[in-house]
Amino acid sequence: MPRKRYFIIFAAMLEAIINILVKGFIIGVIVSAPLGPVGVLCIQRTLNKGRWYGFVTGVGASMSDILYALATGYGMSFIADFLSRQIYWLQIIGSVLLLIFGIYTFRSNPVKSIRPVSSSKGTYIHNLVTAFFVTLSNPLIIFLFIALYARFGFVTQDIKVFEQFLGYFSIIIGALTWWFSITYLINKVRKRFDLRGIWIINRTIGGIVVIVSAISFIMTLTGKSLY
């Protein structure tokens, strides 16, 4: 009997860990994917300087994102009890905000963010630091984190410190996975990649966010869970 009990406890802990890891990973990808100024900068550097210069640009952006992720998460943790009681409405609001974000991303033209790139490659550290401050200069990303945390129920009253650590760690992993993947793809198709390619990537990302947020909105209304 005790073995069965321990197995149930272990299974519940494992499920909670996997749940927070998946949520954090998805949040990290969604935050990084839209091609704003730093996304375009990453692509430019990949094409002009090489893949790893583009990747360290993404690393710098991820370092800034995690600071905003922590600030948002710990800010929301002070009202975690209220958030837990209003989870239904928060998920509705989060889905709507993500839908608006997806539509905005779909309709935006990231090509306008293109700026002249220095002919000098610079060091990896220089490329990382400049991307860090470009991302840090956009505090509006906090509202995206709020929407994502609300939609995914990322901040709850009973979440353990270890689970919090895993959650934020998985956000970083999600972000780095995105930057690693996009720089790999751009590097592979560099000879055929043009401004239209940037526009297509951004539209695809925006379309995916719109579809997912619309589905999650409908499922929340019908009492079903997407995650």
Verify, without hydrogens or angle tests, whether [X] (side chain) and [Y] (backbone) share a donor-acceptor contact under 3.5 angstrom.
X	Y	value
T183	F180	yes
K23	F154	no
Y149	A69	yes
N48	Q44	yes
N127	T123	yes
S64	L136	yes

Measuring only between side-chain heavy atoms, which start at C-beta, is [X] closer than 4.5 Å to [Y]?
X	Y	answer
F25	L21	no
I17	F162	yes
S32	D65	yes

Can you tell me how far [atom2] of [Y] sits from [atom1] of [X], rounded to the nearest 0.5 angstrom?
X	Y	atom1	atom2	answer
T57	L128	OG1	CG	8.0 Å
F217	L97	CZ	CG	11.5 Å
S213	L98	OG	CG	6.0 Å
L166	N19	CG	CG	11.5 Å
R151	I26	CZ	CD1	11.0 Å
I20	F165	CD1	CZ	13.0 Å

According to a 4.5 Å side-chain heavy-atom criterion applied to Ile, Leu, Val, Met, Phe, Trp and Tyr, with indirect links allowed, do [X] and [Y] form part of one hydrophobic cluster?
X	Y	answer
L176	I182	yes
I27	F101	yes
I215	I103	no
W178	Y184	no
I93	F143	no

Which pair of non-hydrogen atoms, one from [X] and one from [Y], has the smallest distance, and what is that distance?
X	Y	answer
A175	S62	CB-OG, 3.4 Å
Y68	F145	CB-CE1, 3.9 Å
G174	V29	O-CG2, 3.4 Å

* Asked: Can we call the ring centroids of Y53 and Y124 under 6.0 Å apart?
  ->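 Centroid distance Y53-Y124: below 6.0 Å, so yes.
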
* Please step through side-chain contact (heavy atoms from CB on, under 4.5 Å) for the pair Q164 and Y74, ending with a clear verdict. => CA-CA 10 Å; Q164 287 182 3; Y74 282 106; 3.5 Å; yes

* In a check of side chain to side chain contact (heavy atoms under 4.5 Å, CB included) between V31 and each of L148, T135, I66, I171, which one passes? -> L148

* **Qualifying residue for side chain to side chain contact (heavy atoms under 4.5 Å, CB included) with R51, from I186, N187, V56** =>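 Option passing the side chain to side chain contact (heavy atoms under 4.5 Å, CB included) with R51: N187.
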
* Quick check: are there more than 12 heavy atoms from other residues, nucleotides or ligands sitting under 6.0 Å from CZ of F169? ->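 Atom CZ in F169 is not packed in, count stays at 12 or less.
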
